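Here is the structure we will look at.
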Amino acid sequence: MLEIFKPTWMVNTIYSVSPAQLKEQGIRAVFSDLDNTLIAWNNPNGTPELKKWMKALHEANIPLIVISNNSKERVAKAVDSLDLPFVSRSLKPLSFGIDRARKKLGLTKNEVVMVGDQLLTDVAAANQAGIRSILVRPLLNTDKWDTRINRFFERRVWKQLLKKYPDLKWQEDLND
């Protein structure tokens with residue numbers, strides 16, 4: 001049961017993962033959580049680092065798609081200035097949103113990766129979908145009220161994960 005929460009990679013920030021590293025892994029599309037992964041939950045405009053990373057993905061023909069549990073209205077408003085496609089109400093930790101996006105792109109499970117800042121939703125959804133995952137540190141140390149509940153349970157899961165998988169460690173990028 002614990003394996004469902006084990007990420008493939010743990011990277012400090014997604015911005016340090018280059019398109020070349022993704023292509024080396026056979027990844028042709030990136031699916032990403034929104035809040036505290038791509039953008040700070042209280043800053044929908046994104047950072048210069050995000051925009052630079054998005055531009056690099058675009059130039060490498062690697063689509064970036066937001067997979068979020070938030071409503072269509074909330075996600076549309078948040079990604080409007082970023083001009084990103086999205087799947088809202090994705091029902092993470094279930095795989096529905098990931099499966100929908102992957103099939104729309106016509107890609108295999110080995111050709112996509114899910115990026116997120118939460119074990120209980122993002123990593124679990126990736127594992128349910130049979131795809132690889134990149135766990136990132138949250139952009140902010142604060143969360144929306146509903147995410148705080150997940151973080152409480154996540155701390156318990158972390159303790160168990162580290163007992164079973166003592167080799168889990170944070171990396172600078174996929175090659176670290």
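All values below come from the heavy atoms of this structure, side chains included, with hydrogens, waters and symmetry mates left out. Owing to the predicted nature of the structure, the values given are computational and were not obtained by experimental measurement.
- Shown here for E172 and V11, the closest heavy-atom pair between the two residues is O-CG1, 3.5 Å.
- In this structure, E73 does not pair ionically with K77, as no charged nitrogen and carboxylate oxygen lie closer than 4.0 Å.
- The line from CG of N110 to CZ of R28 is 12.0 Å long, rounded to the nearest 0.5 Å.
- Taking NE2 of H58 as the start and NZ of K55 as the end, the distance is 9.5 Å to the nearest 0.5 Å.
- To the nearest 0.5 angstrom, R100 atom CZ is 7.5 Å from S90 atom OG.
- Between A29 and L105 the shortest heavy-atom distance is CB-CD1, 3.7 Å.
- Residues that satisfy the side-chain contact (heavy atoms from CB on, under 4.5 Å) test with K164, not counting sequence neighbours, are L2, E3.
- Of the possible donor and acceptor atoms, one in the side chain of W53 sits under 3.5 Å from a partner among the backbone N and O of V17.
- Counting only distance, with no hydrogens or angles, the side chain of S88 and the backbone of S71 share no donor-acceptor pair below 3.5 Å.
- When side chains are defined from C-beta on, F86 does not count as touching L34, because their heavy atoms never get closer than 4.5 Å.
- In this structure, I39 CD1 and D33 CG are separated by 9.5 Å, a value rounded to the nearest 0.5 Å.
- Atoms CG and CG, on N12 and L135 in that order, are 10.0 Å from each other to the nearest 0.5 Å.
- Checked by atom type and distance alone, the side chain of S95 never pairs as donor or acceptor with a backbone atom of I98 at under 3.5 Å.
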Could you go through the side-chain hydrogen bond (donor to acceptor under 3.5 Å, both in side chains) check for T37 and D117 one step at a time?
-> CA-CA 6 Å; T37 299; D117 67 309; 3.0 Å; yes
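- In plain terms, the two heavy atoms of A129 and D99 that are nearest each other are CB-OD1, 3.6 Å.
- At a threshold of 4.5 Å between non-hydrogen side-chain atoms, the residues Y15 and K52 do not count as touching.
- Between F31 and the choices V66, D122, V115, I67, the side-chain contact (heavy atoms from CB on, under 4.5 Å) rule is met once, by I67.
- There is a path of hydrophobic side-chain contacts, each under 4.5 Å, that joins I131 to I65.
- In terms of heavy-atom proximity, A101 sits nearest to V87 at CB-CG2, 4.1 Å.
- A continuous path of ILVMFWY side-chain contacts below 4.5 Å connects M54 to V30, so both sit in one hydrophobic cluster.
- Distance check, rounded to the nearest 0.5 Å: CG of L84 to CG of L57 gives 9.5 Å.
- Put simply, the side chain of R132 gets close to the backbone of Q25: a donor and an acceptor are under 3.5 Å apart.
- Linking Ile, Leu, Val, Met, Phe, Trp and Tyr whenever their side-chain heavy atoms come within less than 4.5 Å puts I62 and L50 in one cluster.
- In terms of heavy atoms, L82 sits closest to A78 at CD1-O, 4.4 Å.
- Residues I4 and W158 share a hydrophobic cluster, clusters being chains of Ile/Leu/Val/Met/Phe/Trp/Tyr side chains in contact below 4.5 Å.
- Other residues, nucleotides and ligands contribute only 12 or fewer heavy atoms inside 6.0 Å of the NZ atom of K104.
- Within the 3.5 Å criterion, the main-chain N or O of L119 finds a donor-acceptor partner in the side chain of E154.
- The environment of NZ in K163 is sparse: at most 12 heavy-atom neighbours from other residues, nucleotides or ligands sit within 6.0 Å.
- Counting only distance, with no hydrogens or angles, the side chain of N127 and the backbone of K6 share a donor-acceptor pair below 3.5 Å.
- In terms of heavy atoms, L38 sits closest to S32 at CG-OG, 3.3 Å.
- Between N69 and the choices R89, K92, R74, the side-chain contact (heavy atoms from CB on, under 4.5 Å) rule is met once, by K92.
- Hydrophobic clustering, with ILVMFWY side chains joined whenever heavy atoms are under 4.5 angstrom apart, groups M10 together with V157.
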